[in-house]
Amino acid sequence: MTNAVMPTYARADLAFERGNGVYLFTQDGRRFLDFASGVAVSSLGHAHSHLTAALHAQIDKVLHTSNLYRISGQERLAQRLVDASFASTAFFCNSGAEAVEAGLKLVRRYHQKNGRPGRYRVVTASNSFHGRTMHTISASKNEKHLDGFLPAVDHFDQVPFGNMNALRAAITDQTAAIIVEPVQGESGIHPADADYLRALRSAADEFGILLMYDEVQTGIGRTGKLFAYEWSGAAPDVMALAKGLGGGFPIGACLANERVSAVMAPGTHGSTFGGNPLACAAANAVLDIVMDEKFLAHVREMGTLLMARLNKIVTAYPGVLKEVRGLGLMIGVECNKPVNTDIVRKLEDKGMLTVVAGNNVIRFVPPLIVEPSHIEEACGIFEGVCADLARA
Ligand SMILES: *Cc1c(COP(=O)(O)O)cnc(C)c1O
């Protein structure tokens, strides 16, 4: 079959028509247990009644107006994110890469407007992922992502993730900021030590530079806290959000503390669609659910349960699986051999969705509304596939 879609993805031959809770259904009526959440996006699962009602209500009023005018849903969303975090303002956009891009602009401008135009370089971590724009692929320095797109933007200095000595050595009088993911997602679910994040905070203060977190994947409840940085207590100056924020509706946000927000003014940055009424209706509905401490406790409980079940499976199949890592409902299982893609395909054949990540990892990122029965179902399927592989 010819396909007019640009071939940028190796797609599974599956097309989903509708969803309900943690399940997706194909046109031909097959049911799939969704432990992928469209890559950690569908935080409330599918067809969540509170989210769909909020969207229907907004659709009947107005979809889009423009940031040339006040948008009450956007003001409410910004206030809620600010009240729940280190930040004092929020900028809205439509994706994770754009949220990171906004942050990368902000950290430059912060120094330029404070008389330090020479501070424009950003220190990044090895195996990071920040998106697919020119800036964000340059930051991550993943050779596959840069292939054919060189030259990279030349103001990122990369150091090994988790290594404080290397990080301190990389900071010069040209450094503007450090950017890290509190849990690295795409490269295989690597949680940063809380001590590492606290040391990053101290180093940033010591050298007079900014700390930026990419919480595009970890934010909005995914790790069992509203923001993953809360686990360490080390707040950033700037933070990017996106994936789970709209529960499936595209929206990104870049949050900044007071001193960074102070350098922004009308005309300094913008987005036509960013934070439009429909997107903000979705995000506000997601926050209605996720900001509840009881809901976050549920995420932590389900994360602990899933992690424990997966650990048992890893112990039972040491020839296939190596280890489990994660935080909350952002969990990765590392395989002993490059069989992660094979396992993800076999899981699909058995009616379950997961996502591959770098370095032989299978990501388990179910909707945050997942219940113990779904975890049992998922682990039963996973165990069956591992047993087949161990026999082969
Ligand atoms: C997914 C992701 C991005 C990119 O988000 P897009 O919406 O695809 O642009 C950036 N950073 C992290 C940590 C991500 O997981």
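Atoms considered below: every heavy atom in the structure, side chains included; atoms not considered: hydrogens, waters and symmetry mates. Small disclaimer: the values here were computed from a predicted structure and weren't measured. Both ligands and their constituent atoms are indexed starting at 1 by order of listing.
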Exercise for the section: State which residues pass side chain to side chain contact (heavy atoms under 4.5 Å, CB included) with Thr133; sequence neighbours excluded, sorted by chain then number. Expected result: Ala97, Glu101, His135, Thr136
Problem - Leu14: hydrophobic cluster co-members (side-chain, 4.5 Å) - result: Phe16, Leu24, Phe32, Leu353
Exercise for the section: List, by chain and then residue number, the residues other than Leu68 in its hydrophobic cluster (Ile/Leu/Val/Met/Phe/Trp/Tyr, side-chain heavy atoms under 4.5 Å); write none if there are no others. Expected result: Tyr69
Exercise for the section: Would you please write out the protein residues whose heavy atoms approach any atom of ligand 1 to under 4.0 angstrom, listed by chain and number? Expected result: Ser95, Gly96, Ala97, Phe129, His130, Gly131, Glu181, Glu186, Asp214, Val216, Gln217, Lys243
Problem - Close aromatic pair by centroid cut-off 6.0 Å: His145 and Phe129 - result: yes
Practice task
Step through it carefully: locate the ring centre of Phe161, locate the ring centre of Tyr196, and say whether they are under 6.0 Å apart.
Solution key: yes
Problem - Side-chain H-bond candidate by donor/acceptor type, His155 with Arg108, under 3.5 Å - result: yes
